[in-house]
Amino acid sequence: MEQSSTSALLQGTVLDLASDVVSALRSGDHARAGGTATTDGAGAGITRAAIRILGADTLLPTALLGVPPDPGLLAVFQDAVAAHAPRPDAAPTVVWSHWAMARALRRTEAPLAGPLAGEGGGEPDAGWLDDAGWQQLTHQLAVLAPLALPGEDCAVTRAARRRPVDVARGFVRAVRRRDWQQAAGAGRWLTLLDGVPDTLGLETGLDFVRLMGGSDPRVALQLEAARLMPAGVLL
């Protein structure tokens, strides 16, 4: 029962954090993402775990709008990056998620004790994306949607740029399967890619995803990011 309660609390915290990010992206003012998160005492551990799930998108308003992060949330974000470096056998998406969080933290110019992931050793490897089928490629890119940012350049974004048609196919498949999270993540990537087929009807597709799945804050976050991509500032 205790484990079930903790899991429910974690899931609720992830949704709260995502809702805060969505609110900040929609307002475009000085609303701060993370305002509802508990950053003191025992609650900080749950918030830290939720940040690991939401990843670099926790600080997305800072990247896209220049909105200052909530100080308490930023401190827990720092702890999450510093305390949970990927193990040597970690999955590539875990390694890249941590790398994205480290880069997001650097953009805030916040100090951190110890080296960040990627410093001194360059980027993680992304060759596995070149070998992935289009279904797997779309799934992995949706997981790594926090890397889909205007002006961003890394091995994952370069892999996505090489395969816009495959990502478009994956977007259509996700919509047909009613996997709104994957569809929203793939759609976010597609807003940044050249060579997306005009026949896809991306704008209409994203509107449909918003209608069907936009009540989920994690879906709404990806859709708001996609909406802001053309004007994003990426500090």
Side-chain angles (χ1 to χ4, degrees), residues 8-41 43-81 97 100-101 103-105 107-110 142-152 179-192 203 205-235:
L9 181 59
L10 175 58
Q11 182 177 9
T13 303
V14 171
L15 296 178
D16 287 344
L17 281 174
S19 294
D20 288 344
V21 172
V22 171
S23 294
L25 293 176
R26 287 175 176 169
S27 68
D29 57 21
H30 294 289
R32 292 183 174 182
T36 64
T38 302
T39 56
D40 297 320
I46 294 293
T47 300
R48 184 165 56 246
I51 287 171
R52 296 296 302 172
I53 295 172
L54 198 60
D57 275 345
T58 305
L59 301 182
L60 187 59
T62 299
L64 288 181
L65 303 175
V67 175
D70 176 83
L73 182 68
L74 181 60
V76 180
F77 191 95
Q78 287 178 283
D79 290 344
V81 175
S97 178
M101 291 178 69
R103 176 172 280 198
L105 186 58
R107 290 194 189 102
T108 70
E109 299 182 354
V143 172
L144 295 174
L147 287 167
L149 293 168
E152 179 72 281
D179 186 340
W180 307 123
Q181 270 191 263
Q182 186 172 131
R188 174 174 169 178
W189 278 104
L190 287 168
T191 61
L192 295 176
E203 185 175 350
L206 288 174
D207 286 343
F208 182 71
V209 174
R210 187 184 303 275
L211 175 65
M212 300 300 295
S215 60
D216 184 332
R218 295 165 298 181
V219 173
L221 188 158
Q222 302 301 335
L223 295 172
E224 288 302 313
R227 179 180 65 85
L228 290 167
M229 285 301 181
V233 297
L234 189 58
L235 301 181

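Values reported hereafter were calculated over all heavy atoms of this structure, with side chains retained and with hydrogens, waters and symmetry mates removed.
We find the CG-CG distance between L15 and L10 to be 9.5 Å, quoted to the nearest 0.5 Å. For the atom pair CG of L190 and CE of M229, the computed distance is 11.0 Å after rounding to the nearest 0.5 Å. With rounding to the nearest 0.5 Å, the separation of CZ in R227 from CZ in R26 is 8.0 Å. From D16, atom CG reaches atom OG1 of T47 across 9.0 Å, with rounding to the nearest 0.5 Å. With values rounded to the nearest 0.5 angstrom, F208 atom CZ is found 15.5 Å from E203 atom CD.
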Go through the steps for R210 and E224 under the test salt bridge (charged side-chain N to carboxylate O under 4.0 Å, His left out), then give the verdict. CA-CA 10 Å; R210 187 184 303 275; E224 288 302 313; 3.0 Å; yes
Could you walk me through whether R103 and L149 satisfy the side chain to side chain contact (heavy atoms under 4.5 Å, CB included) test, starting with their C-alpha distance in whole Å, then the side-chain angles of each, then the deciding distance to 0.1 Å, before giving a yes or no? CA-CA 12 Å; R103 176 172 280 198; L149 293 168; over 6 Å; no
Let's go through L74 and L105 carefully: what are the C-alpha distance in whole Å and the side-chain angles of both, what is the deciding distance for side chain to side chain contact (heavy atoms under 4.5 Å, CB included) to 0.1 Å, and is it a yes or a no? CA-CA 8 Å; L74 181 60; L105 186 58; 3.7 Å; yes
Residue pair L147, L144: steps toward the side chain to side chain contact (heavy atoms under 4.5 Å, CB included) verdict: CA-CA 6 Å; L147 287 167; L144 295 174; 4.2 Å; yes
Walk me through whether L17 and I53 qualify under side chain to side chain contact (heavy atoms under 4.5 Å, CB included). CA-CA 10 Å; L17 281 174; I53 295 172; over 6 Å; no
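Using a 4.5 Å heavy-atom cutoff, the side chains of L73 and I51 are in contact.
Looking at T58, its side chain never comes within 3.5 Å of a backbone N or O of L54 through a donor-acceptor pair. The main-chain N or O of A50 is never found under 3.5 Å from a side-chain atom of T13 such that the two would form a donor-acceptor pair.
A salt bridge links R188 and D57; the closest N-O separation between the charged side-chain nitrogens and carboxylate oxygens is under 4.0 Å.
Screening L228, V22, L25, L206 against L223 for a side-chain contact (heavy atoms from CB on, under 4.5 Å) leaves a single residue, L206.
Across all their heavy atoms, A148 and L192 have their closest contact at C-CD1, 3.5 Å.
Sorted by first and then second residue, the salt bridge (charged side-chain N to carboxylate O under 4.0 Å, His left out) pairs involving residues 212-221 (not counting sequence neighbours) are D216-R218.
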